[in-house]
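Accompanying notes for the structure given below.
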Number of protein chains: 2
Amino acid sequence: MLAAASVVFGERGYAAATTDQIAAAAGVSQAYVVRVFGGKENLFVEVARRAIDRITTAFRGAIAESNSTGSDDPKPVEARLGEAYIDLIADRGILLSLLQIFSLGHDPVIGPIGREGFLSIYRVVRDEAGLAPADASRFMSEGMMINTVLALQLQESPDPDAAEMVTEVCGGDLGRFRSLAGTYPTT
Amino acid sequence: MLAAASVVFGERGYAAATTDQIAAAAGVSQAYVVRVFGGKENLFVEVARRAIDRITTAFRGAIAESNSTGSDDPKPVEARLGEAYIDLIADRGILLSLLQIFSLGHDPVIGPIGREGFLSIYRVVRDEAGLAPADASRFMSEGMMINTVLALQLQESPDPDAAEMVTEVCGGDLGRFRSLAGTYPTT
DNA sequence: AACAGTAGTAATCGGCTGATAACATGTCAA
DNA sequence: TTGACATGTTATCAGCCGATTACTACTGTT
């Protein structure tokens, strides 16, 4: 049900998503969705937490992978983190759930969750991956740009300016973005 | 009415905003809002266009200002653009309308508007401000980060990590962000 | 067997929302 | 004056949505 909710919230947005659509996607009844989570808002809170948790988990995996390779580093940590991030939010459910969280930053319930989640990701990047504040901050910026590009589906645009920008964003590996086009829920 | 709609759409999100709330904010009747714009979606389209238009206009202003100063450049163009951007989206209506547009990137009506708008901003930064593609792209990334920070209201967070990150984002000028806290509609 | 807990559904309801229809008023040209 | 048009309003509706209630079915425990 959480997975279904993530997809539907992402597709439609928090407010526009209906518990009925989520129920249908999960293969259960609408009443059940409402009762199990105690309301639509609580359900979104769970989805939000889960999305943030998946990011920190993915980052810790990338960091561990980076540490396990010998002192010869074919890839810097940042590259591994970036790849992990792109692979993760290629899932449009997670990506758009994130954007919803940001949009709800002033909400008394969602807001604190979003702030704490964003900071927790920053701390992982800075403390666990060992990036300097300036580098960690720049890394987050790139992440936000990736969010936008994927949300707007600019990687599929035929416009040469779009291709130029997207190439710049993903470090030259435009194919990685393109191959993610239309990726939907494995969630 | 457009100004009111921008604020309300921003506060509540596209789907959650009601034509009645917009009407109340604009001081007219709900029916009038619907009829003048031919429906809620059309109204949002106008708001979206206006938001993007204000960004390109502000950027052109900053570029002109930069050109008018002599060949001695106390500030590079990028700094001027950045300041113009921050001043503009301190208006939470514009900021959140932008985020709504991004979230609706897959929408058949809003999607193309968002893509074209984003690219038009990129072109202004690259062609009219004369930034190289890599620099223009990085500039956009920083913009997306600023969006997120302001949406989450991280500039008001008492957390030292938040302060560190925000300081990094705004180029050391944390005061500029802080002073914008709670800025609402001049729109 | 009786009971309790878990997992789930169908039916229904009250409130909200976007849209429509019908009406009121003011302005300006012919 | 009359008519066309812009600028509004009030009243009302048809549909949707989240939530509640009451019910069923299964599983394990004592």
Side-chain angles (χ1 to χ4, degrees), chain A residues 1-51 92-93 96-97 99-101 103-104 106-111 113-114 185 187, chain B residues 1-51 92-93 96-97 99-101 103-104 106-111 113-114 185 187:
Chain A
M1 284 174 57
L2 278 174
S6 176
V7 173
V8 175
F9 276 134
E11 277 176 337
R12 315 261 175 163
Y14 169 65
T18 70
T19 53
D20 200 46
Q21 292 162 347
I22 294 170
V28 294
S29 69
Q30 179 261 341
Y32 193 48
V33 172
V34 172
R35 208 188 43 190
V36 166
F37 291 94
K40 187 184 174 182
E41 187 180 68
N42 285 335
L43 174 54
F44 183 72
V45 168
E46 291 307 314
V47 168
R49 277 199 234 274
R50 208 174 82 115
R92 204 164 173 84
L96 293 178
S97 292
L99 294 190
Q100 294 295 319
I101 296 171
S103 297
L104 293 170
H106 59 282
D107 182 278
V109 175
I110 310 291
I113 295 175
T187 321
Chain B
M1 284 175 59
L2 278 173
S6 177
V7 173
V8 176
F9 276 135
E11 277 177 336
R12 316 260 176 165
Y14 169 65
T18 70
T19 52
D20 199 47
Q21 291 162 346
I22 294 170
V28 294
S29 69
Q30 178 263 339
Y32 192 49
V33 172
V34 171
R35 209 187 44 189
V36 167
F37 292 94
K40 187 183 173 183
E41 187 179 67
N42 286 335
L43 173 55
F44 184 72
V45 168
E46 292 307 313
V47 168
R49 277 199 235 274
R50 206 174 83 115
R92 204 164 173 83
L96 294 178
S97 292
L99 294 189
Q100 292 296 319
I101 296 171
S103 297
L104 292 170
H106 60 281
D107 182 278
V109 175
I110 310 292
I113 294 173
T187 322

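Below, chain A is the first sequence line, B the second, and so on; all start at residue 1.
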So, do [X] and [Y] sit near enough that their side-chain heavy atoms are less than 4.5 Å apart?
| X | Y | result |
| --- | --- | --- |
| B/Q100 | B/V47 | no |
| B/Q21 | B/E11 | no |
| A/I113 | A/I101 | no |
| A/F37 | A/L2 | yes |
| A/M1 | A/I22 | no |

Next item on the list: Would you mind classifying the nucleic acid contact of A/V28 as base, sugar-phosphate or nothing, using non-hydrogen atoms under 4.0 angstrom?
Entry: sugar-phosphate
Note to self: Give me the atom names and distance for the closest heavy-atom approach of A/L96 to A/G10.
What the structure shows: CD1-O, 2.9 Å
Next item on the list: Could you tell me how the ring of A/F9 sits relative to the ring of A/F44: parallel (under 30°), tilted (30 to 60°) or perpendicular (over 60°)?
Entry: perpendicular
Item checked: B/Y32 side-chain N/O to D/dT9 phosphate OP1/OP2 under 4.0 Å -> no
Item checked: Heavy-atom contact window of chain A on DNA chain C, given 5' to 3' at under 4.0 Å -> C/dA7 to C/dA10
Next item on the list: Please answer whether the main-chain N or O of A/L99 pairs with a side-chain N or O of A/S103 as donor and acceptor at a distance below 3.5 Å.
Entry: yes
Notebook entry, point to check: What string of B, S and - do you get for nucleotides 12-23 of chain D, 5' to 3', if B is base contact, S is sugar-phosphate-only contact and - is no contact with any protein heavy atom under 4.0 Å?
Noted result: -----SBBB-B-
